[in-house]
> 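Got a structure here, written out as structure tokens. Questions coming.
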Amino acid sequence: MELQTLTYIVVGLTFALYIGIAIWARAGSTKEFYVAGGGVHPVANGMATAADWMSAASFISMAGLIAFYGYGGSVFLMGWTGGFVLLALLLAPYLRKFGKFTVPEFIGDRYYSRTARIVAVICLIVASVTYVIGQMKGIGVAFSRFLEVSYDLGLLIGMVIVFFYAVLGGMKGITYTQIAQYCVLILAYTIPAIFISLNLTGNPVPQLGLGSTLAGSDTYLLDRLDQVVTELGWHEYSTQARLSLTNMFAYTMSLMIGTAGLPHVIIRFFTVPKVADARTSAGWALVFIAILYTTAPAVAGMARLNLIDTIYPESGGNLAYEERPSWFRNWEKTGLLQFDDKNGDGLIQYTANAETNEMVKVDNDIMVLANPEIARLPNWVIALVAAGGLAAALSTAAGLLLAISSAISHDLLKGVFMPSISEKQELLASRLAMALAVIAAGYLGFNPPDFAAGTVALAFGLAASSIFPALMMGIFSTRVTREGAIAGMMAGLSVTLLYVFQHKGVMFVASTAFLGDLQPNWFLGIEPNAFGVVGAVLNFAVALTVSRFTAMPPADVREMVESIRVPARTI
């Protein structure tokens with residue numbers, strides 16, 4: 001069966017599954033809409049959390065970034081997984097014990113202030129909207145290539161699917177849909193990796209294949225990759241660092257604390273029955289995430305080697321442009337792969353030298369999706385990868401949109417402006433807010449801002465600089481006051497945004513290349529996408545300083561903070 005027909009069938013079946021689950025799991029109350037009724041099993045919640053967490057950035061972009069950054073790409077692996085450890089140990093159980101629906105609700109009650117709740121909503125929306133841009137791009141890219149429709153039409157189809165199961169089912173529908181989406185995306189990621197590892201090394205375990213010798217040779221795969229990239233002018237793949245040690249540390253920390261502060265991930269831990277279940281589900285989420293994250297370096301290294309070996313075949317010489325393979329032609333149609341015959345010889349020159357390099361665009365985001373085609377895997381594997389990429393983007397987009405709509409309907413409308421509305425009215429408002437959030441996200445997907453490159457990392461930086469410190473101080477300090485928390489959140493968010501916008505002209509380059517010392521005006525050499533950790537430090541400093549000069553929180557608030565941290569076997 002031809003690839004396009006098979007892709008339509010596989011993607012269509014997965015979409016039918018998601019819609020069927022949404023109808024079955026339709027939310028009938030605000031508790032079901034916001035936290036799936038609070039009765040999700042820890043293992044199921046761990047799987048749903050993994051799908052919610054592993055976005056288009058994890059499925060499509062991460063291996064592509066590692067493929068071109070090499071060793072420097074480890075910041076994404078360490079930052080994103082390390083953040084889950086912080087979340088499991090320092091936030092999830094305490095927030096679950098608090099027993100409310102949303103992150104802004106906790107901040108509003110802990111800091112005894114509607115203003116604090118409103119500021120938290122603003123921080124949440126800024127971080128979540130920034131994050132959702134990347135998911136919309138992932139949806140458009142996957143559709144445009146594999147269903148051979150325009151980017152705009154692909155994005156529109158994705159919006160309709162998300163609209164249906166998110167608006168209808170809320171957190172209840174999203175939870176069970178995400179479990180199905182996890183199964184789809186993990187199979188789509190690991191099956192091609194197993195095939196390619198077998199082809200290259202004879203080892204069916206990709207994690208082991210990356211450190212194995214090439215089939216029929218005594219040369220290790222990484223040694224061969226180091227050799228080919230250095231011959232073409234790039235740094236060694238296995239030792240290439242990202243910018244400076246300071247920048248790499250800042251980037252990793254920003255991703256870690258940003259992970260622990262992402263509202264759409266935190267809200268998942270409100271859906272389990274008990275506090276102990278919050279820790280357990282976080283542990284299961286790490287297990288499910290590790291399957292993909294330990295596979296990603298192998299996918300990245302093998303994809304980079306396959307790409308170069310395609311352009312420089314073993315028969316010797318360069319590949320003639322007219323003889324380029326079908327996968328090359330297909331990705332050229334999307335504009336994500338571009339060739340410019342600079343010397344007019346009809347051969348493809350792919351080097352690190354900008355003056356002679358004729359592969360003028362090789363988008364990071366195509367590596368995972370194109371990898372099965374480059375390796376000439378069966379069409380059903382390629383179709384499965386398309387379904388997996390869409391599942392990853394749709395699952396995270398739904399979680400983000402729910403976090404945004406909950407902040408609007410529950411925290412602003414019910415919590416601040418119209419506290420007397422009934423549950424039925426709040427549920428209607430939640431669905432309307434979700435519908436508006438879907439439309440707004442689609443608009444941003446069709447018209448991304450000029451700093452859209454690196455938006456996922458930027459979203460983590462915004463969450464790190466605004467939400468994470470407020471949660472940490474709210475749980476572990478009885479002295480931080482409402483004035484301190486509000487000032488800290490505003491300072492952290494404002495400084496991070498100002499730094500990003502000041503350097504937005506270099507955002508794209510910063511997210512796709514190694515700049516060395518080309519940006520001397522960066523603060524301590526830290527690139528914009530890594531600046532969230534500096535914003536977080538400022539947030540802590542401002543909040544603690546202001547709190548020293550303002551009145552202590554009320555006694556009942558201090559007692560509440562103490563009670564959140566006291567273990568209780570019955571809760």
> With side-chain contact (heavy atoms from CB on, under 4.5 Å) as the criterion, how do Ile186 and Leu292 come out once you've worked through the C-alpha distance, each side chain's angles and the decisive distance to 0.1 Å?
CA-CA 7 Å; Ile186 204 65; Leu292 188 147; 3.8 Å; yes

> Below 4.5 Å, heavy atoms only, C-beta onward: do Ile467 and Pro263 meet side chain to side chain?
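Ile467 reaches Pro263 side chain to side chain.
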
> Any side-chain donor paired with an acceptor under 3.5 Å for Arg268 and Thr175?
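Yes.
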
> Should Thr478 and Pro553 count as side-chain neighbours, where that means a heavy-atom distance under 4.5 Å?
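Answer no - side chains too far apart.
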
> Please determine whether the number of non-hydrogen atoms from other residues, nucleotides or ligands lying under 6.0 Å from atom CZ of Phe476 exceeds 12.
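Yes, the 6.0 Å shell around CZ holds more than 12 heavy atoms from other groups.
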
> Give a yes or no answer on whether the side chain of Asn539 reaches the backbone of Ser466 with a donor-acceptor pair at less than 3.5 Å.
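Pair found, side chain donor or acceptor close to backbone of Ser466.
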
> Can you tell me if Arg96 uses its side chain to pair, donor with acceptor, with the backbone of Pro273 under 3.5 Å?
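Present.
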
> To the nearest 0.5 Å, how far apart are OG1 in Thr496 and CG in Asn529?
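Interatomic distance, Thr496 OG1 to Asn529 CG, rounded to 0.5 Å: 11.5 Å.
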
> What do you reckon, is CE of Met490 surrounded by more than 12 foreign heavy atoms closer than 6.0 Å?
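Not buried by this count: 12 neighbours or fewer within 6.0 Å.
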
> Is there a side-chain contact between Val43 and Ser281 (heavy atoms, below 4.5 Å)?
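No; the side chains remain at least 4.5 Å from each other.
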
> Between Phe76 and Tyr293, does the ring pair (Phe, Tyr, Trp, His ring centres under 6.0 Å) criterion hold? Intermediate values first, please.
CA-CA 10 Å; Phe76 302 100; Tyr293 271 54; 10.0 Å; no

> How close do Pro469 and Phe540 get, counting heavy atoms only, and between which atoms?
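Closest approach of Pro469 to Phe540: CA-CZ, 3.6 Å.
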
> Got a second to check how far Leu185's CG is from Tyr182's OH, nearest 0.5 Å?
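With rounding to 0.5 Å, CG (Leu185) is 7.0 Å from OH (Tyr182).
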
> With heavy-atom distances below 4.5 Å as the criterion, would you say the side chains of Ile66 and Leu77 are in contact?
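Sidechains of Leu77 and Ile66: in contact.
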
> Are any of the side-chain heavy atoms of Leu87 and Leu262 separated by less than 4.5 Å?
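No, side chains not in contact.
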
> Report yes if some heavy atom in the side chain of Met473 is under 4.5 Å from a heavy atom in the side chain of Arg479; otherwise report no.
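No, too far: nothing below the 4.5 Å cut-off.
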
> Do other residues, nucleotides or ligands put more than 12 heavy atoms under 6.0 Å from Arg114 CZ?
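For Arg114, atom CZ is not crowded (no more than 12 foreign heavy atoms under 6.0 Å).
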
> Does one side chain, of Thr271 or Asn45, offer a donor that lies under 3.5 Å from an acceptor on the other?
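Indeed, the side chains of Thr271 and Asn45 share at least one donor-acceptor pair under 3.5 Å.
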
> Just how far is it from atom CD of Gln178 to atom OG1 of Thr49, taken to the nearest 0.5 Å?
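Reported value, rounded in 0.5 Å steps: 7.5 Å.
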
> Do the side chain of Lys97 and the main chain of Ser563 share a donor and acceptor less than 3.5 angstrom apart?
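Yes; at least one donor-acceptor contact below 3.5 Å.
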
> Starting at CE of Met489, measure out to SG of Cys123 and round the result to the nearest 0.5 Å.
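Result: 5.5 Å between the selected atoms.
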
> Is a side-chain donor-acceptor pair under 3.5 Å present for Ser422 with Gln425?
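Short answer, yes.
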
> For Trp284 and Ile289, run side-chain contact (heavy atoms from CB on, under 4.5 Å): C-alpha distance rounded to whole Å, both residues' side-chain angles, the deciding distance at 0.1 Å, then the answer.
CA-CA 8 Å; Trp284 278 108; Ile289 290 167; over 6 Å; no

> Could you walk me through whether Tyr69 and Val75 pass side-chain contact (heavy atoms from CB on, under 4.5 Å), step by step?
CA-CA 10 Å; Tyr69 290 164; Val75 296; 5.9 Å; no

> Distance check, rounded to the nearest 0.5 Å: Leu255 atom CG versus Phe460 atom CZ?
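It comes to 6.5 Å.
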
> So which heavy atom on Tyr111 is nearest to which on Thr481, and how close?
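Result for this residue pair: CD2-O, 3.8 Å.
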
> Might you point out which heavy atoms bring Tyr112 and Ala551 nearest each other, and give the distance in Å?
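Nearest pair, atom of Tyr112 first, then Ala551: OH-O, 4.3 Å.
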
> When rounded to the nearest 0.5 angstrom, what is the spacing between OG1 in Thr115 and CZ in Arg482?
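Going from OG1 on Thr115 over to CZ on Arg482, the span is 8.0 Å.
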
> List the atom of Leu462, the atom of Leu497, and the distance in Å for their closest heavy-atom pair.
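Nearest pair, atom of Leu462 first, then Leu497: CD2-CD2, 3.6 Å.
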
> Check Ala296 against Ala63 and note the closest heavy-atom contact, atom names and distance.
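So the minimum-distance heavy-atom pair works out to O-CB, 4.0 Å.
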
> Is any side-chain heavy atom of Ile125 closer than 4.5 Å to one of Ile408?
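The answer is yes; the side chains approach within 4.5 Å.
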
> How close do Ala464 and Ser254 get, heavy atom to heavy atom, and via which atoms?
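In terms of heavy atoms, the two residues are closest at CB-O, 3.8 Å.
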
> Would Val533 and Phe468 satisfy side-chain contact (heavy atoms from CB on, under 4.5 Å), going step by step from the backbone distance to the final call?
CA-CA 10 Å; Val533 67; Phe468 176 78; over 6 Å; no

> Do Leu498 and Phe531 have side-chain heavy atoms sitting under 4.5 Å apart?
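A side-chain contact under 4.5 Å is absent here.
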
